[in-house]
Structures are given as structure tokens and as C-alpha cells.
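Here the structure comes first, spelled out in C-alpha cells, and everything after it is commentary.
This one's a predicted model, so the numbers in the text were calculated from it and none came from an experiment. Remember, it's 1-based here, ligands and their atoms both numbered in the order they're listed. Heavy-atom basis, side chains included; hydrogens, waters and symmetry copies ignored.
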Amino acid sequence: MTERPEVLLPLKWDNDALLMLDQRLLPEETVYLRLTTPEQVWEGIRELKVRGAPAIGIAAAYGVVLGVLNFKGNLQELFQSVVQYADNLATSRPTAVNLFWALDRMKARTSALVEMNLTTEEVIDALINEAQQIHAEDEETNRLIGQHALSLFSDGMGVLTHCNAGGLATSKYGTALAPFYLALEEGINLKVFADETRPVLQGARLTAFELQQAGVDVTLICDNMAGHVMSKGWIQAVIVGTDRVAANGDVANKIGTYSVAVLAKAHQIPFYVACPLSTIDLSTPTGADIPIEQRNVDEVSHGFGKRTAPKGVNIYNPAFDITPNELVTAIITEKGIIRAPYSDSLKQLFSNKGSN
Ligand code: MRU
């Protein structure tokens, strides 16, 4: 058995500060920013210094903690303060539901704590623990997702992924990339193809980087090469992460995911989505109800650090797209592998929550 290589962690809690790896600088520079205010965390999320649905949620939970670390006042005021910071952090990005999930959890925990007749210092300590708990649970969740996902792969398979749903997008290991790390540990050979993922190049800058660092066999391709490599017979499965799964199994993920799903269908290749339960949002009925973030047009006009489009041209830059549930072969969670009909199986997943 090969020893698991260390992966670069996107977030670290350091007593009274959040260390955030500035992912905009990867793969060339590894710089940790020392953040001490919720406003800095808001900006870090907004500007993609940290990105990826689970990592955004973890960062936001720490952001709330930073807001109240030196709080002076009574318990009711502390609760109000938590709500205010959480509501503001919730405006940083709209699509990944893990952000709202983590902030709701911090608010609910605060509400329960203020009922317990503790001192404000005790409540603040418990909130630090809660954020650390969210962080630690994500790591365990990802290992389980990886184990379930690996059961779908076998030695020698070619697997394509889009964007970055790896260690850099989570606490560690990732969701869609977790099986690749486990395969390495278990001596199972997989050949990974990573789409570069225009316009911000998460696939090239982050996925190719973290898999290469870990010793995974990874080949980087431009987004428009996916169909070509599939037609060559080099891809036996696609696996991606997601920012939100709707109650009917429609999946929001990085722009371009839908095109990959259509290509996979055309080549009869299974299309898998890996995510924790915290990414599944039963209160969002369908993909059409998921808010899609529109980002700055500069990401498209200056994609490679210089102007690559004429000044003044119309540009459309949605950060995510929706893959309809009929293109999704299975959704892999920490609780196991979920298949269609998703309206039933997802509901079932939550009604069984805690029982296994
Ligand atoms: O804009 P980003 O980089 O935050 O988008 C990230 C993705 O689309 C990921 O695939 C998704 O968040 C899942 S991360 C485990």
C-alpha cells in the first residue's frame, strides 16, 4: 500500500485567525493569507481566493467566528451579532448551497447555546468548536465519498473531471477527486483527464496541480477536447462535483459541466456527481430554481492575463450551469450511491439520515 501523499490545505484555523490559501495564485505561488475579520473572509470568497462549495461553507463558518471573537455584550446581542455576520457572509456568492448550510448551522448552534445560560465567552468557545467541527466532518465525509466512488471504478479506467472538486475545494481530498487519492493508496491505476475549465481555469491551475503533486496520473486537456478524447475510447467514466443538487436531482456545477454530461451521454459513458449531503437542497425543487452566479466579464475578456477579446464586445459569463437529472447516472454521497428516480431517492436519503 502506498502512503497517502500530503495535499495542500485551502483553510487552516490558527487560534484567532483563518489562514486562507490564495488559490488565485496557484499553481505558481503558495501564499496563505491571515484573515482576522468576516469582511476579509467575505472578500476571500467573492474573489475566489477560496472556492469550491464545501470550502466556501467552512470559510464562512470561521468568518462568523472572527466577527464575534472579541465580542463584549450580553447573550442576546451576541446572537444578533452572529445573525448579522452570517447574513452578510451569505451575500458573498449565490450558487453553492454549502455556504447557506454552514451559516444556518452556525446560527442554529448560537441560538441553542444562548438558551443554555452560558457566559458569552463560553458561547464563543463553543462557536469556534462548531466551525472546527464543520471543517473536520467535511474531511471524514470526503473519505466516505471517495470510498463509494472508487467502487464504481476499476484498474485501467480513464476518468474525466471538470473544474476542481478536490482537496482545494473542500477541507481535504475533495469529492470528485477523492476516489483518485484512494485509488493511489490502494494501487488501482486510473488515468485522469482534467478539463482546463475556462474562464478561470480551475481544472488547469488547481485540479492538474493537486493531482500532479499527489502523484496521480493526470492529463490536462482544453475544454473543447473532451468530445475528442471520449471518441477515442479513452474515457470510461466522468465524475464531477456540484454546488447544489435540487430536489429532483438536477445538478448545478461549474459552467461547461452540462456540455460534458451531453457528450458523456452521446458516448454512453456514465456521468457521476459526487457531493456531501450538505450540497443537496431539497428546498430547491429543480435546477431552474438554482440561482446562477454571473461573474465579471473581465474573466472572459482577459482570461489568460492579457486582453483576449475586442474592447466593448458583449460578453456573457455565467459561473455555473445546470445538468438535468436525466443525464446523471448516479450521485455519490457519504451515505452511498444514489440513483434515479432522484425525487424519491434523495428524499429517502434524508429520511434515513442519522440511521446509518
Ligand atoms: O467557482 P468555483 O471554483 O467555486 O466552482 C467550483 C465548482 O464548480 C466545484 O465543482 C463545486 O463547488 C464542487 S467542489 C467539491
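- Ligand 1 places these atoms under 4.0 Å from at least one heavy atom of N253: 7 (C), 8 (O), 9 (C), 10 (O), 11 (C).
- Classified by interplanar angle (parallel below 30°, tilted 30° to 60°, perpendicular above 60°), the ring pair F180/F153 is parallel.
- Although no hydrogens or angles enter the test, the distance criterion places a donor-acceptor pair under 3.5 Å between the side chain of E334 and the main chain of L277.
- Below 30°, between 30° and 60°, or above 60°: for F193 and W234 the angle between ring planes is below 30°, a parallel geometry.
- Within the 4.0 Å heavy-atom cutoff, R93 counts among the residues contacting ligand 1.
- Closest protein heavy atom to atom 7 (C) of ligand 1: D243 OD1, 3.3 Å.
- Judged by distance alone, the side chain of S111 and the main-chain N or O of K107 form no donor-acceptor pair under 3.5 Å.
- The atoms of ligand 1 that sit less than 4.0 Å from any heavy atom of Q202 are 1 (O), 2 (P), 3 (O).
- A donor-acceptor pair is defined here as one N or O able to donate and one able to accept, closer than 3.5 Å; such a pair exists between the side chain of N142 and the backbone of D138.
- For the 3.5 Å distance criterion, the side chains of R244 and T284 qualify, holding a donor opposite an acceptor.
- Ligand 1 has at least one atom lying under 4.0 Å from a heavy atom of P54.
- Using a 4.0 Å heavy-atom cutoff, N164 is listed among the residues neighbouring ligand 1.
- Close to ligand 1: C163, with a non-hydrogen atom less than 4.0 angstrom away.
- The backbone and the side chain of K254 each have at least one atom closer than 4.0 Å to an atom of ligand 1 (non-hydrogen atoms only).
- A cation-pi geometry, defined here as NZ or CZ lying under 6.0 Å from the six-membered ring centre and within 45° of its normal, does not hold between K347 and F350.
- When heavy-atom distances to ligand 1 are checked against a 4.0 Å cut-off, V200 has no atom that comes that close, whether in backbone or side chain.
- Within ligand 1, counting atoms from 1 as listed, the ones closer than 4.0 Å to a heavy atom of A165 are 14 (S), 15 (C).
- For C275, no heavy-atom contact with ligand 1 is shorter than 4.0 Å.
- Nearest to atom 14 (S) of ligand 1 among the protein's heavy atoms is A169 CB, 3.6 Å.
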